[in-house]
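In what follows, a single structure is set out as C-alpha cells and then discussed.
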Amino acid sequence: MTVRTRFAPSPTGYLHIGGARTALFNFLFARHHGGQYLLRIEDTDRARSTPEAVRQILDSLEWLGLSPDEPPVMQTAQEARHAEVARQLLAEGKAYQCFCTPEELAEMRETAMKEGRPPRYDGRWRDRDPAEAPAGVKPVIRIKAPRGGETVIRDLVQGEVRVQNTELDDMIILRSDGTPTYLHAVVVDDHDMAITHVIRGDDHLTNTFRQVMVYDAMGWRRPHFAHIPLIHGADGAKLSKRHGAVGALEFRDQGFLPEAVCNYLLRLGWGHGDEEFVPRDRAIALFDLKDVGRAASRMDYAKLTHLNAQYLRQMDADAVTGRVLEILRRQGPLPHGAATTIRALMPDIQPRARTLLEAASMCGFAIASIPLTFEPKAQAQLNDEAKARLLDLAEFLSEAPWERADLDKWLRDYAEVKEMKLGAVAQPLRAALTGSTQSPPIDAVLFALGRDEALARMRAAAGA
RNA sequence: GUCCCCAUCGUCUAGAGGCCUAGGACACCAGCCUUUCACGUUGGUAACACGGGUUCGAAUCCCGUUGGGGACGCCA
C-alpha cells in the first residue's frame, strides 16, 4: 500500500512554525516512502475560519516548498458525507441522539470537576427513548464509547499508549445543526482520503483515543499514528507571538531562506547522528519516524540564523543578488548600475551576512549617493590628516588598473611608500567609501564601486 | 481536578547496559588569521533532575518523587 500522509491545519490564523514542521514531517515521510503528501483544510469551524487564512496557509506552504501533491481537500465540502456516516452509526445502534442542552452539559462538567471526577458526559440519553425528548430541542448524535476495558494505540513516535475506557465518554459526532465535529470529520476524511499515516502534533494524542472509536465502530482499519512533540518558545511555554516570529511568512520577511527554515525545523526533534546541515534531498533519504524524539523542544533563533548563514553562503551569487535587489528596491528606487555593483560585492557579502536582510543592509553603501551619511565612528576617521591623505590617495589610485588584485597591490604599495600600516590607509578609505567602519574588504569595495564613483567618494569625503 | 506524554550542557541533540574521563552543533569566552567586520581555525566554560531498585556494570532497564507539557468543548 502506498504511503499517504496529510497535513490538516485549521484556517483560523496564519500558519505558525509548529504547523510548518508538522507539514515538513508529513512531506518527508511521504517522500521517503515514495508516497503522497496531501493537504486538508479543516474549516468546519465556520465562525473562525477565513478565506484569508486559507490563502496564507497555501502561500506559506508554497514558500517552504511543501505544497501538497493533490489539490487541497476542504473539509466543509465533505459535510454530507460526515453526516451520512453519523446516520449510519445511528442506524446501526452504534450512536444515539442526545437531547441535552449546552447548559445541562456545562453543569455536568462543573459538578464532575468539583467532585474530582473527570469532566465527562454521563450518557444519560444513551439508552433513553428519543420519544421522551423535550420539545424544541434539536438533538446531537453521540457515538457509543466502549464501556470497560482499555484502548491501546501503537504510536510510531510515542510507542504504545493505553487508556482506560472509563476515561472516554460518548462524544458528539454530529452537532444539532447537522454539521460534524472535528473528531468525527477527521476520521471520515482520513479514511476517505486513504491516509495511511497520521502524523500530527502530540496535542492530538489523547484525542486519538476518541477518534479510534469511530474507526472501530465503522469497522475501518485504523491508520498508523505518529504524534510528534510540540515546539515551545524560548521560555518553555507554548509558542506564541510574544516569542518573536512564529508565523511561517514572518521568517521569509525577516530574510530567512526556506531551505534553512526547513533544515532547522527538521533538527528540532529529529536527529541523525551529528548531522546538522541536512538539505532536502538528504532529509528525504534519511527521514524516519523512529528518529523523532518525544520531548518538546524550544525555538532557538540563534541557531536558525546560523543555519541560514550557511545556506546563504552556498547559494548562487546571482540568486542572492536578485533577492537583495528586491529588498533594496522596496526601500526606494535604485541608482543606475546598482545591480552590477552589488553583484560584484556579493562574494564578499555572502560569508558576512546571515540573512537576506543583513545582506541587503550590507549593500546599502553601494547604492548610496554623494554626499554619504557617515556613522559617528566613520566620521571620526576623517580628520584633517586623513582627508589630505584621501586626496593624495585618490590621485595615486586614479592611475591604477581597476581590478581587485591590482587595487590591493596598489594600496599596499602606497602604504609602504608612505611608511604607513595598511590599516592606517584602509580605515579612512573605508569610511570615505562606505560611511562606515565596517565593510567588505576595501579592495572589493573599490572595485565594485568602479573608478569614477570610488574616486568621487574619496574626494567628497575629503571635502574637496 | 482526572488522564496522557516528557526529562542529557543555557538551547538543539548523539547516546538503544560496558566503546562515556558523556560526543557534536548553536550561543558564550580566549588565542590564531587579518586592512575593518565577518568567514575560517585552535582551545575553553558547560549536562545525564532527584531518590530507590535490577545488574559484575546504568545516561541507558524498573519504580517513585519533583519539574515541564498536553488533553479533557455542539474548537480544531
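Chain A is the first sequence line, chain B the second, and so forth, proteins listed ahead of strands; every chain is numbered from 1.
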Quiz item: Which listed nucleotide (B:rC6, B:rA27, B:rA76) is nearest to the side chain of A:His204?
Solution: B:rA76
Exercise. Could you check whether A:Thr44 gets within reach of a base, just the sugar-phosphate, or nothing at all, counting any heavy atom under 4.0 Å?
Key: sugar-phosphate
Quiz item: Taking OP1 and OP2 of B:rC74, is either one under 4.0 Å from a side-chain nitrogen or oxygen of A:Thr181?
Solution: no
Exercise. Quickly work out the A:Glu167 CD to B:rC3 C1' distance and round it to whole Å.
Key: 5 Å
Quiz prompt | Side-chain-base donor-acceptor pair under 3.5 Å for A:Asp274 and B:rG23 | solution = yes
Quiz item: Between B:rG43 and B:rG51, how far is it from one C1' atom to the other, in whole Å?
Solution: 38 Å
Exercise. Would you mind classifying the nucleic acid contact of A:Pro441 as base, sugar-phosphate or nothing, using non-hydrogen atoms under 4.0 angstrom?
Key: base
Quiz item: At under 4.0 Å between heavy atoms, what does A:Val163 touch on the DNA or RNA strands: base, sugar-phosphate, or nothing?
Solution: sugar-phosphate
Exercise. Using the C1' atom as the reference point in each nucleotide, state the distance between B:rU21 and B:rC4 in Å, no decimals.
Key: 39 Å
Self-check item: Selected nucleotide, minimal atom distance to A:Arg109 side chain, candidates B:rG73, B:rA71, B:rC26
Solution: B:rG73
Quiz item: Which nucleotide, B:rA76, B:rA27, B:rG24, lies nearest any side-chain atom of A:Asn207?
Solution: B:rA76
Quiz item: Distance between the C1' atoms of B:rU11 and B:rC56, in whole angstroms?
Solution: 38 Å
Exercise. For A:Asp443, report the nucleic acid contact type (base, sugar-phosphate, nothing); a contact means any heavy atom under 4.0 Å.
Key: base
Self-check item: Phosphate OP1/OP2 of B:rA76: any A:Arg40 side-chain N/O under 4.0 Å
Solution: no
Self-check item: Earlier contact from the 5' end, RNA chain B, for A:Arg21 and A:Asp408
Solution: A:Arg21
Exercise. Using both distances under 3.5 Å as the test, list the Watson-Crick or G-U wobble partner of B:rC72, or none.
Key: B:rG1
Practice problem: For the pair A:Asp443 (side chain) and A:Asp408 (backbone), establish whether a donor and an acceptor sit closer than 3.5 Å, ignoring hydrogens and angles. | Solution: no
Quiz prompt | C1'-based separation of B:rC5 from B:rU41 [nearest Å] | solution = 43 Å
Quiz item: Sub-3.5 Å donor-acceptor pair from the side chain of A:Arg430 to the main-chain atoms of A:Pro440, do we have one?
Solution: yes
Practice problem: Please measure how far the C1' atom in B:rC48 lies from the corresponding atom in B:rG24, and state the result in whole Å. | Solution: 16 Å
Self-check item: Exercise: do A:Tyr264 and A:Asp300 side chains pair donor with acceptor under 3.5 Å
Solution: no
Quiz item: For B:rU21, what is the paired nucleotide under Watson-Crick or G-U wobble rules, both distances under 3.5 Å?
Solution: none
Quiz item: Can you tell me if A:Ser361 uses its side chain to pair, donor with acceptor, with the backbone of A:Leu357 under 3.5 Å?
Solution: no
Exercise. Measure the distance from CD1 on A:Ile172 to P on B:rC74 and round it to the nearest whole Å.
Key: 4 Å
Quiz item: Does B:rA38 pair with anything, Watson-Crick or G-U wobble, both distances under 3.5 Å, and if so, with which nucleotide?
Solution: none
Quiz item: Want to settle it: does A:Ser297 or A:Val137 sit nearer the 5' end of RNA chain B, counting the closest nucleotide to each?
Solution: A:Ser297
Self-check item: Side chain of A:Lys303 (C-beta onward), nearest among B:rC75, B:rC12, B:rU35
Solution: B:rC12
Practice problem: Verify whether one side chain among A:Thr208 and A:Arg200 offers a donor that lies under 3.5 Å from an acceptor in the other. | Solution: yes
Self-check item: Between B:rC26 and B:rC72 - P atom distance, rounded Å
Solution: 39 Å
Quiz item: Checking only heavy atoms, does the side chain of A:Glu275 share a donor-acceptor pair with the base of B:rG24 at less than 3.5 Å?
Solution: no
Self-check item: B:rU45 to B:rG64 separation - P atoms, rounded to the nearest Å
Solution: 38 Å
Quiz prompt | Side-chain N,O (A:Arg352) to OP1/OP2 (B:rC37) below 4.0 Å | solution = no
Self-check item: Side chain of A:Leu422 (C-beta onward), nearest among B:rG40, B:rC3, B:rU35
Solution: B:rU35
Quiz item: Do A:Asp189 and A:Gln75 have side-chain N/O donor and acceptor atoms under 3.5 Å apart?
Solution: yes
Quiz item: Quick one: is B:rC37 close enough that its OP1 or OP2 comes under 4.0 Å of any side-chain N or O from A:Arg430?
Solution: no
Quiz prompt | Pair partner, B:rC28 [Watson-Crick or wobble, under 3.5 Å] | solution = B:rG44
Quiz prompt | Protein-nucleotide distance (A:His227, atom NE2; B:rG70, atom P), rounded to Å | solution = 15 Å
Exercise. Return the nucleotide paired to B:rG67: Watson-Crick means purine N1 to pyrimidine N3 with N6-O4 or O6-N4, wobble means G-U with N1-O2 and O6-N3, both under 3.5 Å.
Key: B:rC6
Quiz prompt | Euclidean distance, atom CG of residue A:Leu265 to atom P of B:rU13 [Å, nearest integer] | solution = 11 Å
Quiz prompt | Closest listed nucleotide, where the reference is the side chain of A:Arg267 and the choices are B:rG24, B:rC4, B:rU11 | solution = B:rG24
Quiz prompt | Length of the CZ-C1' vector between A:Arg294 and B:rC4, whole Å | solution = 13 Å
Quiz item: Between B:rC39, B:rC26, B:rG70, which nucleotide has the shortest distance from any of its atoms to the side chain of A:Thr206?
Solution: B:rG70
Quiz item: Think A:Arg412 has a side-chain N or O under 4.0 angstrom from the OP1 or OP2 of B:rU35?
Solution: yes
Quiz prompt | Nearest to side-chain heavy atoms of A:Pro119, which nucleotide of B:rC12, B:rC4, B:rG1 | solution = B:rG1
Quiz item: Mind checking who B:rU55 pairs with, Watson-Crick or G-U wobble, both distances under 3.5 Å?
Solution: none
Self-check item: Sole residue of A:Thr5, A:Ile199, A:Leu265, A:Val157 in side chain to side chain contact (heavy atoms under 4.5 Å, CB included) with A:Phe25
Solution: A:Ile199
Practice problem: Using a 4.0 Å heavy-atom cut-off across all strands, classify A:Pro440 as base, sugar-phosphate, or nothing. | Solution: base
Exercise. Round to a whole Å and report the spacing from OH of A:Tyr301 to C1' of B:rU11.
Key: 13 Å
Quiz item: Reckon A:Arg48 touches a base, only the sugar-phosphate, or nothing at all at heavy-atom distances under 4.0 Å?
Solution: base
Quiz item: For atom C1', what is the distance between B:rA76 and B:rA14, given to the nearest Å?
Solution: 36 Å
Self-check item: Geometric cation-pi criterion A:Arg142 and A:Tyr121, 6.0 Å radius, 45° cone
Solution: yes
Quiz item: Which nucleotide, B:rU35, B:rC37, B:rA71, lies nearest any side-chain atom of A:Asp203?
Solution: B:rA71
Practice problem: Under 4.0 Å between any heavy atoms, over every strand shown, what does A:Gln158 touch: base, sugar-phosphate, or nothing? Just pick one. | Solution: sugar-phosphate
Practice problem: Measure from CD1 on A:Ile228 to C1' on B:rG70 and round the result to the nearest Å. | Solution: 14 Å
Quiz item: A:Asp169 versus A:Arg210: any side-chain heavy-atom pair under 4.5 Å?
Solution: yes
Practice problem: Determine, step by step, whether A:Leu312 and A:Val320 satisfy the side-chain contact (heavy atoms from CB on, under 4.5 Å) criterion, reporting the C-alpha distance in whole Å, the side-chain angles of both residues, the deciding distance to 0.1 Å, and the verdict. | Solution: CA-CA 8 Å; A:Leu312 194 59; A:Val320 186; 4.2 Å; yes
Exercise. Could you check whether A:Cys98 gets within reach of a base, just the sugar-phosphate, or nothing at all, counting any heavy atom under 4.0 Å?
Key: nothing
Exercise. Answer with base, sugar-phosphate or nothing: what part of the nucleic acid does A:Gly293 contact at a heavy-atom distance below 4.0 Å?
Key: nothing
Quiz prompt | Nearest listed nucleotide, side chain of A:Leu205, among B:rA38, B:rC75, B:rC5 | solution = B:rC5
Self-check item: Partner nucleotide, any strand, of B:rU60 [Watson-Crick/G-U, under 3.5 Å]
Solution: none
Practice problem: Starting from P on B:rG73, measure out to CG on A:Leu168 and report it in whole angstrom. | Solution: 12 Å
